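A short worksheet on the structure shown next.
In this text, all values refer to a predicted model and were calculated from it rather than measured experimentally.
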Amino acid sequence: MENFNQTCLRGFILLGLSEVRYLQIIFFVLFLIMYLMTLLGNVLLITVVRINSKLQTPMYFFLSNLSTIDICFSSTIVPKILINTLSKDRSISLVGCALQMYFHMALGAAECIILAVMAYDRFAAICRPLHYQTIISRKMCILLASIGWGVGFVGASIHTPLTFQLPFCKSHHVNHFFCEMPPIFKLSCKDTYLNEIVLYIAVHIIVLFAFLLILISYIHIIWTILKTISSQGRGKAFSTCASHLIVVSLYYGTIIFMYLKPRSTYLPEIDRAVSILYTVVTPMLNPIIYSIRNKDVKDTFEAKLCWLPNH
C-alpha cells in the first residue's frame, strides 16, 4: 500500500484510444486532422474579423472570443490524447492532471457564458435595433466577455483544488482520455458526495442560467422576426441566428448529458464518446458552421483568396 500511495502521488495513467496498433494509427491521424482543422479554422476566423473593418462589430468580437476559447480548449486536451495514442507511457503527473482539469473546466464554463452573451447580442440587434449601439457598447462588450472568462476561471479555481484534496487510493488508472472530474472521483477512497454536489450546483447555475438567457433571447427574436420583419429580411435574420443555434445545441446538449445526469447513470464508454464530442469535434465545427452560414465571412475569404494571385 505504501508503494501504491507513492505511485498515486506522482500521477495517473490515462487511457489510450485503442490497444490495436493499426487502430492507434488511424485514430492518431483522425484526431490530428481534427486538431489542425480546429486551429486553422479558428485562427482564420479571428484573422478575418481583424482584417475586415465591416466585421468590427460586437457580434464578431464575441465570435473571436469563442474562437480563442475553442483553440485553447482543444489544445488543453487533444495534444495529450495524440501522445497517449501512440505512446506506451500514458502517465500524467499530478500537477499536469490538475492543470488539464483546471483549464478544461475554466474554458468550458467560459464557452457556456460566451454563447449566452452572443444570444443576448442577437436579441439586442434584432429586437432593439434603435438602441443597439447603446445596449451593446464597446465597454459592455468587454464587460460581458470578461464576465464569461472570469466565471470560468473562478469556478475552476474552486473545483480543481477540491478535487485534488481527495485521497486517491483505489487505483491510479483513469478510465478516460483526459483528466475530467467524474472519472477522477471514481479513484478516491473517500466519499465524493460533497464534491459531486458542489459540482452539480455550480454546473446548474452556469448552464441553466446561460441556457435560460439563450431561450428567452430567442423567444423574443423569433417573435420579433415573425411580427415585424419582411419575408426577405426574415431569411437573413434566421440565417444569422441559425449558426448560433446549431453551435448551442451541439455544446449544451453534450454538457448537460455529462454533468447534469443522475450519479447512477455514469457509463464510462458513453461518457468518453460524449467528451470527445464537446472537447474535440465542437471546437472544430464552430468556425465551419459560422463561416458557411455567414455571408460577410465568406465574402472576406473570397476577396483575400482573389487578392493573393495578384500579389
Side-chain angles (χ1 to χ4, degrees), residues 30-51 55 58-82 99-122 141 144-153 155-156 177-180 206-207 210-211 214 240 242-259 273-294 296-298 300-301:
L30 181 63
F31 274 72
L32 180 61
I33 290 170
M34 287 194 290
Y35 181 54
L36 293 176
M37 286 179 66
T38 299
L39 295 181
L40 180 62
N42 283 292
V43 168
L44 280 175
L45 194 54
I46 293 169
T47 304
V48 164
V49 170
R50 289 186 66 86
I51 63 177
L55 303 183
M59 183 177 82
Y60 293 103
F61 170 78
F62 295 128
L63 187 54
S64 295
N65 272 265
L66 183 66
S67 289
T68 303
I69 290 171
D70 282 337
I71 290 169
C72 298
F73 196 35
S74 189
S75 296
T76 301
I77 305 298
V78 181
K80 188 62 178 174
I81 292 178
L82 291 172
L99 286 172
Q100 190 181 59
M101 181 182 290
Y102 175 79
F103 285 107
H104 167 260
M105 287 200 63
L107 295 164
E111 181 148 346
C112 279
I113 303 296
I114 292 297
L115 286 172
V117 167
M118 290 172 73
Y120 177 69
D121 171 68
R122 291 299 81 210
C141 286
L144 291 173
S146 300
I147 289 172
W149 287 88
V151 166
F153 280 92
F177 307 125
F178 60 93
C179 293
E180 195 169 19
I206 293 172
V207 173
F211 187 75
I214 291 169
T240 303
S243 303
H244 185 247
L245 283 173
I246 293 168
V247 171
V248 165
S249 301
L250 283 170
Y251 190 73
Y252 275 80
T254 51
I255 289 291
I256 289 169
F257 178 85
M258 277 298 297
Y259 288 98
V274 172
S275 292
I276 292 296
L277 279 176
Y278 81 88
T279 57
V280 181
V281 178
T282 303
M284 177 191 70
L285 291 179
N286 284 354
I288 298 172
I289 292 168
Y290 280 111
S291 299
I292 289 173
R293 302 192 62 87
N294 191 299
D296 294 327
V297 173
K298 285 191 291 185
T300 305
F301 271 128

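Considering only heavy atoms from C-beta on, Tyr252 comes within 4.5 Å of Ile214 through its side chain. For the pair Val248/His244, a side-chain contact is recorded, criterion being any heavy-atom separation below 4.5 Å from C-beta on. Under the 4.5 Å side-chain criterion, counting only non-hydrogen atoms from C-beta, Phe103 is in contact with Phe153. Residues Tyr35 and Val280 are not in side-chain contact: their nearest non-hydrogen atoms beyond the backbone lie 4.5 Å or more apart. Side-chain contact between Leu45 and Tyr60 is absent, with no heavy atoms from C-beta onward closer than 4.5 Å. In this structure the side chain of Glu111 reaches within 4.5 angstrom of the side chain of Asn286, judged on heavy atoms.
Panel note: side chain Ser74, backbone Ile71; no donor-acceptor pair is recorded below 3.5 Å. With hydrogens and angles ignored, the 3.5 Å screen pairs a side-chain donor or acceptor of Gln100 with a backbone N or O of Thr76. With hydrogens and angles disregarded, a donor-acceptor distance shorter than 3.5 Å links the side chain of Asn42 to the backbone of Thr38.
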| side chain to side chain contact (heavy atoms under 4.5 Å, CB included) between Phe61 and Val49, worked out | CA-CA 8 Å; Phe61 170 78; Val49 170; over 6 Å; no
| request: Assess whether side chain to side chain contact (heavy atoms under 4.5 Å, CB included) is satisfied between Phe178 and Thr279, documenting all intermediate values. | output: CA-CA 10 Å; Phe178 60 93; Thr279 57; 4.0 Å; yes
| request: Quick one: do Phe177 and Ile77 satisfy side chain to side chain contact (heavy atoms under 4.5 Å, CB included)? Show the steps, please. | output: CA-CA 8 Å; Phe177 307 125; Ile77 305 298; over 6 Å; no
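The aromatic rings of Tyr278 and His104 sit tilted, their planes meeting at an angle between 30° and 60°.
Closest of all the heavy-atom pairs between Ile206 and Cys112 is CG2-CB, 4.1 Å. Shown here for Ser67 and Ile46, the closest heavy-atom pair between the two residues is CB-CG1, 3.7 Å. Listed here is the closest heavy atom pair of Pro283 and Phe73: CG-CD2, 4.3 Å. Of all heavy-atom pairs between Met101 and Glu180, the closest is CE-C, 4.0 Å. Asp121 approaches Pro58 most closely through the heavy-atom pair OD1-CB, 3.5 Å.
One finds the OH atom of Tyr259 at 10.0 Å from the OG1 atom of Thr254 (value rounded to the nearest 0.5 Å). Atom-to-atom distance recorded for Met284:CE and Ile33:CD1 is 10.0 Å, nearest 0.5 angstrom. Here Asp70 contributes atom CG and Leu39 contributes atom CG; the two are 10.5 Å apart, rounded to the nearest 0.5 Å. Rounding to the nearest 0.5 angstrom, the gap separating the CG atom in Leu32 from the CD1 atom in Ile81 is 12.5 Å. Note that CD1 of Ile113 is 13.0 Å distant from CG of Asn65, once rounded to the nearest 0.5 Å. With values rounded to the nearest 0.5 angstrom, Leu277 atom CG is found 8.0 Å from Leu250 atom CG.
With a 6.0 Å radius and a threshold of 12 heavy atoms from other residues, nucleotides or ligands, Phe211 has its CZ atom at or below the threshold.
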